[in-house]
Amino acid sequence: MPQARYKPLVDRLAADIRSGRLLPGTRLPTHRQLAAREHLALVTATRVYAELEAMGLVSGEQGRGTFVKETALYGGREVDLQSAAADTVDLSFNYPALPGQAELLRAGLRQLATAGDLEALLRYQPHAGRLQDRAAVARHLLRRGLAVPAAQVLLLDGAQHGLATALMALLQPGDVVAVDALTYPGFKLIAQTQHLELAPVPAAGNGTDLDVLEKLCQRRKVRAIYTMPTLNNPLGWVTDAAHRQALVAIARKHGLLIIEDGAYAFLAEAAPPPLAMLAPECTVYISGFSKNVAAGLRVGFMAVPASWVDRMERVIRATIWNTAGVMTALACGWVDDGTVARLEQEKRRDARQRQRLAAEVLGPLPRVGHPGSYFVWLPLADEVRADQVAMALVRERVSVSTAQPFATSAQVPHAIRLALGSVAPDTLRLALGKVRQAIEHHTGR
């Protein structure tokens, strides 16, 4: 179905509101003024404001006009994903947990309490972490196909801290970083605070379009590339070995630093080796224990070339001094006793079950994703506005994400991203049913 002529105007006004170019409280042109300015029929101008109001971005006041709302879906900042209200089913964030994890924590804390070095954990730790803990993480990385010496592993306050550490240590304000056109919102936020320029690269099949990346590097001085080759968030792709080799070749040819995000890599079985294994001299690999163990376990790690260790350690010192000793010891103890491996196996099984549930409930709706991931991407028809669907679901007490927080290009696709891992299966089934109903309602089925 061809896109209605006024739809780009809706998108443009919505983008201006979210970016802050149109501030909360701004009085918009009257319906007649908008129609004249944009060469539209009056009824069409009315339709534009009706769609913006359905998105929750404006409000019409009888006798006064149409105003930008104080509270928009993203709080006025496109990089933010808002936490769901207490009475809302949260399908916007992933914090997967399994039954029995609270008891696991109790047992782990009891074991730490009887350990001989408990007092040492209450003191300041080495900035990069204790060597025995770094060695435990190095053994953990071997299961992901990454062989790295313990001396090149650094411990962090979560993977998000790892991304910030890498950007602060390796890049300067104004540097250009190649990113996927749809990428992790947390990286966008860090890049913005570090005043980096993100250069979006579209997808081609299951991976970054390497032809576009090559042309970008020929045209611009690109300093680095941020990528998630194993379980891309939000599209769920796992790039094949040939694609990884080709990406590394481009990086070496143009002198790019590679920032590899492996936050969800544990969910993909039999994935090709990480980029850090293919190009260890120019890659920083970052991950953590928030997704495979628990969101509250704020312990992350990075593997870096030996020549980068000192500068990374300096940033860790400047930002957190060191990772908390108690939490680090707990996480590394679970690595060594097999608990992390067991939880990863159980979560792989859990994620696949949730994907099957999503396929069953969502039925004929187009879906993009990996059969073993905790999220699914729902592209919408041209006539369907993602914000309208999201606001309709808010009224049904279901929170979802649109493409806006993930998008790095000016052209934002209309799509919904569902996080499947944060609620019980029965609750998930009911919420997915509401998602399908909302999309089908706006599609006119």
Side-chain angles (χ1 to χ4, degrees), residues 3-4 6-26 28 31 34 45-62 65-93 185 234 361-362 365-366 375-407 412-419 422-423 427-428 430-445:
Q3 187 181 45
Y6 73 92
K7 295 291 188 180
L9 175 59
V10 174
D11 291 342
R12 189 170 78 244
L13 289 172
D16 286 345
I17 293 169
R18 294 195 202 97
S19 68
R21 288 188 292 271
L22 285 174
L23 297 174
T26 299
L28 298 176
H31 293 212
L34 183 68
T46 300
R47 181 75 181 273
V48 170
Y49 282 156
E51 292 211 8
L52 290 171
E53 188 163 7
M55 294 175 187
L57 299 175
V58 305
S59 62
E61 300 180 21
Q62 187 70 30
T66 303
F67 296 84
V68 176
K69 290 184 68 172
E70 182 70 31
T71 303
L73 185 59
Y74 301 110
R77 294 178 294 175
E78 66 177 36
V79 296
D80 291 337
L81 285 170
Q82 300 297 311
S83 298
D87 62 346
T88 297
V89 178
D90 190 359
L91 302 186
S92 59
F93 279 97
V361 177
L362 297 174
L365 297 181
F375 43 83
V376 63
W377 186 258
L378 304 179
L380 301 177
D382 287 342
E383 71 274 16
V384 180
R385 323 317 288 162
D387 284 357
Q388 275 189 295
V389 174
M391 288 306 299
L393 287 167
V394 166
R395 291 190 285 272
E396 294 294 323
R397 298 292 187 267
V398 176
S399 172
V400 301
S401 302
T402 69
Q404 189 74 35
F406 299 90
V412 180
H414 282 281
I416 297 293
R417 188 260 202 183
L418 304 179
S422 303
V423 298
T427 303
L428 178 61
L430 293 174
L432 290 172
K434 292 180 179 180
V435 170
R436 176 174 174 176
Q437 290 171 5
I439 292 175
E440 291 183 340
H441 171 74
H442 286 84
T443 307
R445 290 184 180 177

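For the single chain, residues carry numbers from 1 onward in sequence order.
Using modelled atom types, no side-chain atom of H414 and backbone atom of R385 make a donor-acceptor pair closer than 3.5 Å. Of the possible donor and acceptor atoms, none in the side chain of S399 sits under 3.5 Å from a partner among the backbone N and O of S92. Here the side chain of R417 pairs no donor or acceptor atom with the backbone of F375 at under 3.5 angstrom.
Contact detail for P379 and P366: the closest heavy-atom pair is CD-O, 3.5 Å. Minimum interatomic distance between A392 and H442 (heavy atoms only, all atoms of both residues): CB-CE1, 3.7 Å. The nearest pair of heavy atoms linking A386 to L380 is CA-CD1, 3.6 Å. V361 and G433 get closest at one heavy-atom pair: CG1-N, 3.4 Å.
Expressed to the nearest 0.5 Å, how far CG of L418 lies from CG of L428 amounts to 8.5 Å. We find the CD-CD distance between E53 and Q388 to be 11.0 Å, quoted to the nearest 0.5 Å. Here NZ of K434 is found 9.0 Å from CZ of R397. Values are rounded to the nearest 0.5 Å. Taken from CZ in R47 to NE2 in H31, the straight-line distance is 13.5 Å, to the nearest 0.5 Å. Summarising the geometry, atom CD belonging to E51 is positioned 11.0 Å from atom CG belonging to L57; distances are rounded to the nearest 0.5 Å. Rounded to the nearest 0.5 Å, atoms CG (L52) and CE (M391) are 12.0 Å apart.
Side-chain contact check for L378 versus V435: some heavy-atom pair is nearer than 4.5 Å. Using a 4.5 Å cut-off on side-chain heavy atoms (C-beta onward), L91 and V423 make contact.
Test T26, L28, L34 against T66 for side-chain contact (heavy atoms from CB on, under 4.5 Å) and you get one pass: L28. The only option from V384, V389, V376 that meets the side-chain contact (heavy atoms from CB on, under 4.5 Å) definition with I416 turns out to be V389.
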